[in-house]
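No experiment lies behind these values; they were computed from the predicted model shown.
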Amino acid sequence: MKKDVRVIIQNVQRYDDYTDKIVTNAIGNYSSFGSSHTISYRELCAGGHIVENKLVIKPENANLYRTGSIFTKMSFLNGKLTESDYITTYGDINIKVKTLLYQLKIYDDRIRVELNYDLFLNDKFASNNTLIISIRDVA
């Protein structure tokens, strides 16, 4: 894959009383070292805030680092519960991620990551989430 990539993230968040679908389409940078792949991209969030994202994917796990108007690290490892803080200008939230599915497929011209996880905020179940991340060369 080339350095410049298109990153498309399809996010489905299932709450108790509704489902929310978000699609992010961004241009990012790609690099690899051994079996580790790093994708960096910017995301425009509600209120006009920009968040810098760095996704590090390996065959066994993925880590998403977010900085800007928020700071957090989310780790995804099949069958594991991971914990971190979600730091915002409004205060800090403890988050836990229970990864139910982490699947990585690497092709010559693209990468596909599929995640399904439960999200807990301050020890309370918040939502079940499905993320499909597609990374491909910019045409």
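Of the inter-residue distances, the one linking Thr88 atom OG1 with His49 atom NE2 reads 10.0 Å to the nearest 0.5 angstrom. Put simply, OG1 on Thr82 and NZ on Lys98 are 10.0 Å apart, with the number rounded to the nearest 0.5 Å. Distance check, rounded to the nearest 0.5 Å: CD1 of Ile39 to CD1 of Ile133 gives 8.0 Å. Atom CG of residue Asp4 and atom CG of residue Asn29 lie 6.0 Å apart, to the nearest 0.5 angstrom. The line from CD1 of Ile70 to CD1 of Ile87 is 10.0 Å long, rounded to the nearest 0.5 Å. With values rounded to the nearest 0.5 angstrom, Asp85 atom CG is found 8.0 Å from Ile95 atom CD1.
Looking only at side-chain heavy atoms (C-beta outward), Ile27 and Val138 come within less than 4.5 Å of each other. Under the 4.5 Å side-chain criterion, counting only non-hydrogen atoms from C-beta, Leu119 is in contact with Val97. In this structure, the side chains of Phe33 and Thr38 stay at 4.5 Å or more apart for every pair of heavy atoms. Considering only heavy atoms from C-beta on, Gln13 comes within 4.5 Å of Ile22 through its side chain. Put simply, the side chain of Lys105 reaches to within 4.5 Å of the side chain of Gln103, judged on heavy atoms. Taking 4.5 Å as the limit, some side-chain heavy atom of Ser69 sits within range of a side-chain heavy atom of Val51.
Placement of Ile132 and Met74 in two distinct hydrophobic clusters is found when ILVMFWY residues are connected by side-chain heavy-atom separations under 4.5 Å, directly or transitively. In the hydrophobic clustering of ILVMFWY residues, with side-chain heavy atoms under 4.5 Å counting as a link, Ile106 and Ile9 come out together. Taken together through direct or relayed side-chain contacts under 4.5 Å among Ile, Leu, Val, Met, Phe, Trp and Tyr, Tyr117 and Leu77 form parts of separate hydrophobic clusters. Transitive grouping of hydrophobic side chains (ILVMFWY, heavy atoms separated by less than 4.5 Å) brings Leu55 and Leu104 into a common cluster. Side-chain heavy atoms closer than 4.5 Å link hydrophobic residues (I, L, V, M, F, W, Y) into clusters, and following such links, possibly through other members, connects Leu131 to Tyr86.
Residue Arg112 places its CZ atom among more than 12 non-hydrogen atoms of other residues, nucleotides or ligands, all under 6.0 Å distant.
Heavy atoms only, all atoms of each residue included: Gly28 and Tyr41 are closest at CA-CB, 4.0 Å. Smallest separation of non-hydrogen atoms from Ser36 and Val56: OG-CG1, 3.6 Å.
No donor-acceptor distance shorter than 3.5 angstrom exists from the side chain of Ser84 to the backbone of Thr72, with no hydrogens or angles considered. Listed for the Asn78 side chain is a donor-acceptor partner under 3.5 Å among the backbone atoms of Tyr102.
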Do any side-chain atoms of residues 121-128 form donor-acceptor pairs under 3.5 angstrom with protein atoms, and if so which ones, sequence neighbours left out?
from   : atom 1 : to     : atom 2 : distance (Å)
Asn122 : OD1    : Asn94  : N      : 3.0
Asp123 : OD1    : Lys96  : NZ     : 2.6
Ser127 : OG     : Asn129 : OD1    : 3.3
Ser127 : OG     : Asn129 : ND2    : 3.0
Asn128 : OD1    : Arg14  : NH1    : 2.6
Asn128 : OD1    : Asn116 : ND2    : 3.4
Asn128 : ND2    : Asn116 : OD1    : 3.3
Asn128 : ND2    : Asp118 : OD1    : 2.9

Name the atoms and distances for all side-chain donor-acceptor pairs under 3.5 Å in residues 59-66, with sequence neighbours left out.
from  : atom 1 : to    : atom 2 : distance (Å)
Asn63 : OD1    : Ser75 : OG     : 2.6
Arg66 : NE     : Asn53 : OD1    : 2.8
Arg66 : NH2    : Glu43 : OE1    : 2.9

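Checking each of Arg6, Lys3, His37, Lys2 against Tyr30 for a side chain to side chain contact (heavy atoms under 4.5 Å, CB included) leaves exactly one that passes, namely His37.
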